[in-house]
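Notes for the one structure printed next.
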Amino acid sequence: MIRSRITAALSQALDQTTDLDQQTCKQLAATAGEGLSHPPSRDMGDFATNIALTTAKQAGMKPRELAQAIADRLASSDLPIDRVEVAGPGFINLFMSHHWFTDTLSQILEETECFGQSSRGVGQKLQVEFVSANPVGPIHIGNARGAPFGDALASLLETSGYEVEREYYVNDGPYNTQALNFGRSVRVRYLQALGQDQPLPEDGYQGDYVTEMGQRLTEQVGTQYADLPDDEQTAYHFFRLFEDEILQQAEADCRDFGIEFDVWFTEKSLYDEGDIDREVSSLLERDMAYRQDGAVWLRTGQFGDEKDRVLVRSDGRPTYIAADAAYAANKFARGFDRVVYIFGPDHAGYVPRLQAVLAACGFDLERVEIIVYQNVRMVRGGETVELAKRKGQIYSVRDLIEEVGKDAARFFFLMRSNDSHMDFDLDLAVKQSDENPVYYVQYAHARICSIVRQAESREFAFASEPDLSLLVHSSEMALMSKLADYPHEVESAAQTRAPHQLTTYLRELTQLFHQFYTNCQVLDDSDQATSTARMELVRATRQVLANCLGILGVDAPESM
RNA sequence: GCGCCUGUAGCUCAGCGGAUAAGAGCAACGGACUUCGGAUCCGUAGGCCGGGGGUUCGAAUCCCUCCAGGCGCGCCA
């Protein structure tokens, strides 16, 4: 890869032009190589490094002098560059030679769907846990952002060579408050359907789907469950009656959202398999937990939490913290080198606590990553769409997919950085016009496919060997330059856990393609050689568009 | 009260391990079609990067502080 070659050359040049020792030069060059950028405009060069600015003081030289010295060394190195310029306060701008651009083009066409992959994570097993919505109804919009984010991040990591498992944690433990609330709500609706006058509990679920479940239950079992006592066990029973159905719905929703989980892990299994008891006793044995006021407390206070937390309530029921501890133990026991949690804004405050819990349990926090995404405001007609699951006003992930489509939904969520609070403009997402950025990108891909079809149907006479040196138009150069960026963009997005960088990249790449298309006729009967070369560029662009869209889980249509 | 996140063009947002000339999309205005898909392209206009301090030769970017908004602070998950 060109960046590592430039880094090596910088290291050598620094070593030869300064008094700094070799190790220092290597480190400084590595930092500069990471920060290798593009000059503000293409006529100022293809790559720029600020290494002279950052190391001038250390080297005891003036920035521009040092820059010039390094530039001279680079110019005579074996890098594929035409010339080197020193600019501004001491930037070194590199002008790549033409064959470097066309070599990347050939590389794309050779590696096809593998172009952009790297081996950085090879040999490392990684788990990304996301969505993990409470199984008490349709997956609602509050969890929607984490779905494409987690999925795209997982794909991104796979592209970087990691072995990645996508996991969905199902909060179906016997003491889960949400599940029990839901169970109680179903029971009440069931009894109401049987003609009893019963009020919905304070925190009950008011959605129509609960009422419908209650009615359905009367048809299935009649009065069989009518006399069960109004207690926790009964609530759990009613919850369990519908858990499978809810999970199947969740799985279908995710699938339609383009996501396939490798593992659906249930909290219940932690109880059934004794994981929770084991973890609690182990913590007590190691004195990381203690008994007080009849409850079992975990010493999270020693690990940055405000206070210790209850693991097992005074009545003997474990809390979600016990489940989370056991779950983490289970994850590590499965051999992951690193586990990633994707949390919604409602769990942001839980991050320091979970970290304390994991630390108290003795897990290496270096191997745990918790990524929080911020709230989304759904906007329609300029107004916020109000959502509250318990109130029954449900705008579900399914509703979203049906309203704007999988591709627009995913692309819109992925356009923004995970920690930016975003507005989701439903009106815009559903528009099939130039106002909609999803179609802008997809259109480029379809357009390319159309050119290919066109060439086939009129049996365009291409040259037998493409001569890529004919690609010299500024639009062609800009496009090739962008294509060459792709592997670095992927790696950068993966390392910073920022899939949204790829949507930005896609829009820029697409724009350059459309400009090229406007300026350069691809299929020109009067110039067979140029047409052949341009066709290679077009096919390479299609490949990168498809690869990049693939990571984001957005379709690359052949026509629209 | 404490913690996390955010504040960049009229709107929605990139950029935020400092640096060559603050960006994009939409909205506004003006242009480009007898050729490969006009779901496209070109141009104009629009910003003391929330305010104030500081570090630096250099800050949208780092530090402090204030202001505004979102979210979270349970023997709920």
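Here is how names work: the chains are called A, B, and so on, in the same order as the sequence lines, proteins then strands, and each is numbered from 1.
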**Request:** Could you pull out all residues at least two apart from A/Phe149 that satisfy side chain to side chain contact (heavy atoms under 4.5 Å, CB included)?
**Result:**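 A/Phe149 satisfies side chain to side chain contact (heavy atoms under 4.5 Å, CB included) with A/Leu153, A/Ile342, A/Ile371, A/Asn418, A/Pro499 only.
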Name the pairs: protein N/O against N/O of nucleotides 18-23 of chain B, kept only if under 3.5 Å.
{"from": "B/A19", "atom 1": "N6", "to": "A/Leu53", "atom 2": "O", "distance (Å)": "3.1"}
{"from": "B/U20", "atom 1": "N3", "to": "A/Asn93", "atom 2": "OD1", "distance (Å)": "3.1"}
{"from": "B/U20", "atom 1": "N3", "to": "A/Asn93", "atom 2": "ND2", "distance (Å)": "3.2"}
{"from": "B/U20", "atom 1": "O4", "to": "A/Asn93", "atom 2": "OD1", "distance (Å)": "2.8"}

**Message:** Using a 4.0 Å heavy-atom cut-off, does A/Lys307 contact any base of the nucleic acid, only the sugar-phosphate backbone, or nothing at all?
**Reply:**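 Sugar-phosphate contact only - A/Lys307 comes under 4.0 Å of backbone atoms but never of a base.
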**Asked** When all nucleic acid strands are considered with a 4.0 Å heavy-atom cut-off, which category describes A/Asn171: base, sugar-phosphate, or nothing?
**Response**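 Contact class for A/Asn171: sugar-phosphate only.
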**Request:** Go through the N and O atoms of the side chain of A/Ser314 and the base of B/C75, and report whether any donor-acceptor pair is under 3.5 Å.
**Result:**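 Pair found.
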Can you pull every protein N or O that's under 3.5 Å from an N or O on nucleotides 13-17 of chain B?
{"from": "B/C13", "atom 1": "OP1", "to": "A/His421", "atom 2": "O", "distance (Å)": "3.1"}
{"from": "B/C13", "atom 1": "OP1", "to": "A/Asp423", "atom 2": "N", "distance (Å)": "2.4"}
{"from": "B/C13", "atom 1": "O2'", "to": "A/Arg416", "atom 2": "NH1", "distance (Å)": "2.6"}
{"from": "B/A14", "atom 1": "OP1", "to": "A/Ser417", "atom 2": "N", "distance (Å)": "2.8"}
{"from": "B/A14", "atom 1": "OP1", "to": "A/Ser420", "atom 2": "OG", "distance (Å)": "3.3"}
{"from": "B/A14", "atom 1": "O2'", "to": "A/Thr504", "atom 2": "OG1", "distance (Å)": "3.4"}
{"from": "B/G15", "atom 1": "OP1", "to": "A/His500", "atom 2": "NE2", "distance (Å)": "2.9"}
{"from": "B/G17", "atom 1": "O6", "to": "A/Glu34", "atom 2": "OE1", "distance (Å)": "3.4"}

**Request:** State which residues pass salt bridge (charged side-chain N to carboxylate O under 4.0 Å, His left out) with A/Glu558; sequence neighbours excluded, sorted by chain then number.
**Result:**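 Once residues adjacent in sequence are excluded, A/Glu558 has no partner under the salt bridge (charged side-chain N to carboxylate O under 4.0 Å, His left out) criterion.
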**Item:** Under the salt bridge (charged side-chain N to carboxylate O under 4.0 Å, His left out) test, residues paired with A/Asp46 that sit two or more places apart
**Value:**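 If we apply the salt bridge (charged side-chain N to carboxylate O under 4.0 Å, His left out) test to A/Asp46, skipping adjacent residues, the hits are A/Arg42.
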**Asked** Where along residues 511-531 of chain A does a heavy atom fall under 4.0 Å from RNA chain B?
**Response**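 Contacting residues: A/Gln511, A/His514, A/Gln515, A/Tyr517, A/Thr518, A/Cys520, A/Gln521, A/Val522, A/Leu523.
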**Message:** Does B/G72 have its OP1 or OP2 closer than 4.0 Å to a side-chain nitrogen or oxygen of A/Arg353?
**Reply:**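 The answer is no; no side-chain N or O of A/Arg353 sits under 4.0 Å from OP1 or OP2.
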Which pairs, protein N/O on one side and nucleotides 58-63 of chain B N/O on the other, fall under 3.5 Å?
none

**Request:** Would you indicate which nucleotide in B/U40, B/C71, B/A24 comes nearest to any side-chain atom of A/Pro345?
**Result:**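 Nearest listed nucleotide: B/C71.
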For a quick test of your reading: what N or O donor-acceptor pairs under 3.5 Å do the side chains of residues 294-304 of chain A make, sequence neighbours left out?
{"from": "A/Trp297", "atom 1": "NE1", "to": "A/Gln292", "atom 2": "O", "distance (Å)": "3.0"}
{"from": "A/Arg299", "atom 1": "NE", "to": "A/Asp287", "atom 2": "O", "distance (Å)": "2.8"}
{"from": "A/Arg299", "atom 1": "NH2", "to": "A/Asp287", "atom 2": "OD1", "distance (Å)": "3.1"}
{"from": "A/Thr300", "atom 1": "OG1", "to": "A/Asp305", "atom 2": "OD2", "distance (Å)": "3.2"}
{"from": "A/Thr300", "atom 1": "OG1", "to": "A/Lys307", "atom 2": "O", "distance (Å)": "2.8"}
{"from": "A/Thr300", "atom 1": "OG1", "to": "A/Arg309", "atom 2": "N", "distance (Å)": "3.4"}

**Message:** Going by the rule ring-ring contact (aromatic ring centres under 6.0 Å, His included), which residues pair with A/His38 if we only count those two or more places apart in sequence or in a different chain?
**Reply:**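 For A/His38, the residues satisfying ring-ring contact (aromatic ring centres under 6.0 Å, His included) (neighbours in sequence not counted) are A/Phe47.
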**Request:** Output all residues satisfying ring-ring contact (aromatic ring centres under 6.0 Å, His included) with A/Phe413, sequence neighbours left out; order by chain, then residue number.
**Result:**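 In terms of ring-ring contact (aromatic ring centres under 6.0 Å, His included), with neighbours along the sequence ignored, A/Phe413 is linked to A/Phe424.
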**Asked** Of all residues at least two apart in sequence or in a different chain, which pass the side-chain hydrogen bond (donor to acceptor under 3.5 Å, both in side chains) check with A/Asp427?
**Response**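 Once residues adjacent in sequence are excluded, A/Asp427 has no partner under the side-chain hydrogen bond (donor to acceptor under 3.5 Å, both in side chains) criterion.
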**Asked** Reading RNA chain B 5' to 3', how would its secondary structure be written in dot-bracket notation, given Watson-Crick and G-U pairs with both distances under 3.5 Å, brackets [ ] for crossing pairs and | for partners on other strands?
**Response** (((((((..((((.........)))).(((((.......))))).....(((((.......))))))))))))....
